[in-house]
Chemist: 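Please find one structure pasted underneath; my questions will follow.
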Amino acid sequence: MPLADCRIIDLPKIMDQRGNLTFVEGGNHVPFDIKRVYYLYDVPGGSDRGEHAHKTLHQFVICMSGSFDILLDDGFKTTKYHLNRSYFGVYICPMTWRYLDNFSSGSVCMVLASAPYDETDYIRDRDEFLKAVGAA
Ligand code: TYD
């Protein structure tokens with residue numbers, strides 16, 4: 001899937017004086033069924049995460065608190081997003097290298113994923129990724 005398919009997706013926002021509410025429906029707001037949710041928290045300021053791709057997994061990344069940057073790369077082109085609100089997120093297609101950095105102290109990053117955890121779906125070696133996408 002090309003990097004162009006990865007994108008910012010705005011989520012519904014129900015504004016209320018008691019506090020705002022946002023929701024995400026699999027197959028509606030994100031283009032996959034949600035099979036797993038995980039989150040990064042207690043992240044020290046300046047940390048970085050990611051540095052891998054997934055062969056088949058679709059993901060949607062939301063910044064629930066604080067801020068961080070996410071760099072996406074299909075082996076040919078890169079796109080960088082700054083996430084700092086919980087009413088939008090970044091959809092990451094399969095075969096996209098991702099690198100998350102510039103976390104503000106105490107950030108919370110929530111990820112919705114299309115499948116349960118499977119280490120065999122990861123590509124953690126950069127050269128292997130570049131070969132797989134035909135960029136090396
Ligand atoms: P990893 O996906 O490499 O983290 P990040 O991309 O945020 O740097 O996962 C870190 C560790 O956690 C790794 O040992 C695999 C494990 N893990 C699970 O057991 N289940 C999960 O759902 C996830 C996302 C990771």
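For clarity, every value in this text was computed on a predicted model and none was experimentally measured. The analysis underlying the following values was restricted to heavy atoms, covering all of them including side chains, and did not include hydrogens, waters or symmetry mates. Indexing begins at 1, ligand by ligand and atom by atom, following the structure's order.
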Chemist: Could you walk me through whether I62 and C109 satisfy the side chain to side chain contact (heavy atoms under 4.5 Å, CB included) test, starting with their C-alpha distance in whole Å, then the side-chain angles of each, then the deciding distance to 0.1 Å, before giving a yes or no?
Modeler: CA-CA 6 Å; I62 307 170; C109 168; over 6 Å; no
Chemist: Flag atom 5 (P) of ligand 1 as yes if some protein heavy-atom distance to it falls below 4.0 Å, otherwise no.
Modeler: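 So atom 5 (P) of ligand 1 has protein heavy-atom neighbours under 4.0 Å.
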Chemist: Check the orientation of Y91 and H58. Use parallel for under 30°, tilted for 30 to 60°, and perpendicular for over 60°.
Modeler: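 Y91 vs H58 ring planes: parallel.
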Chemist: Without hydrogens or angle criteria, can the side chains of D74 and T96 be said to hold a donor-acceptor pair below 3.5 Å?
Modeler: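 T96 and D74 do not have a side-chain donor-acceptor pair below 3.5 Å.
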Chemist: Does CD in Q17 sit with more than 12 non-hydrogen atoms of other residues, nucleotides or ligands closer than 6.0 Å?
Modeler: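 12 or below, so no.
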Chemist: For the residue pair Y38 and Y117, establish whether any side-chain heavy-atom pair is separated by less than 4.5 Å.
Modeler: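 Heavy-atom side-chain distance check fails, nothing below 4.5 Å.
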Chemist: Is the closest N or O pair between G50 and ligand 1 shorter than 3.5 Å?
Modeler: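 Yes.
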Chemist: Can you tell me the protein heavy atom closest to atom 17 (N) of ligand 1 and the distance?
Modeler: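 Its nearest protein heavy-atom neighbour is Y117 CE1, 3.7 Å.
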Chemist: Under 4.0 Å from atom 11 (C) of ligand 1, do we find at least one protein heavy atom?
Modeler: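 No, there is none.
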Chemist: Run R126 and D73 through salt bridge (charged side-chain N to carboxylate O under 4.0 Å, His left out) and show every step you take.
Modeler: CA-CA 11 Å; R126 178 74 185 166; D73 169 8; 2.6 Å; yes
Chemist: May I ask you to list the atoms of ligand 1 that are less than 4.0 angstrom from any heavy atom of Y38?
Modeler: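 It comes down to these atoms of ligand 1: 24 (C).
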Chemist: Less than 3.5 Å between some nitrogen or oxygen of Y122 and one of ligand 1, yes or no?
Modeler: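 Yes, since at least one N or O of Y122 sits under 3.5 Å from an N or O of ligand 1.
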Chemist: Would you say the ring centroid of Y99 lies under 6.0 angstrom from that of H52?
Modeler: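 Ring-ring flag for Y99/H52: false, centres at least 6.0 Å apart.
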Chemist: What residue and heavy atom of the protein are closest to atom 22 (O) of ligand 1, and at what distance?
Modeler: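 Looking only at protein heavy atoms, the one closest to atom 22 (O) of ligand 1 is R36 NH1, 2.5 Å.
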Chemist: Among Q59, R124, R49, E119, which one has a heavy atom closest to atom 3 (O) of ligand 1?
Modeler: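 Heavy atom nearest to atom 3 (O) of ligand 1 belongs to R124.
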Chemist: Given that the side chain starts at C-beta and the backbone is N, CA, C, O, which of these parts of H52 lies under 4.0 Å from ligand 1, counting heavy atoms, or is it both or neither?
Modeler: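 Side chain only.
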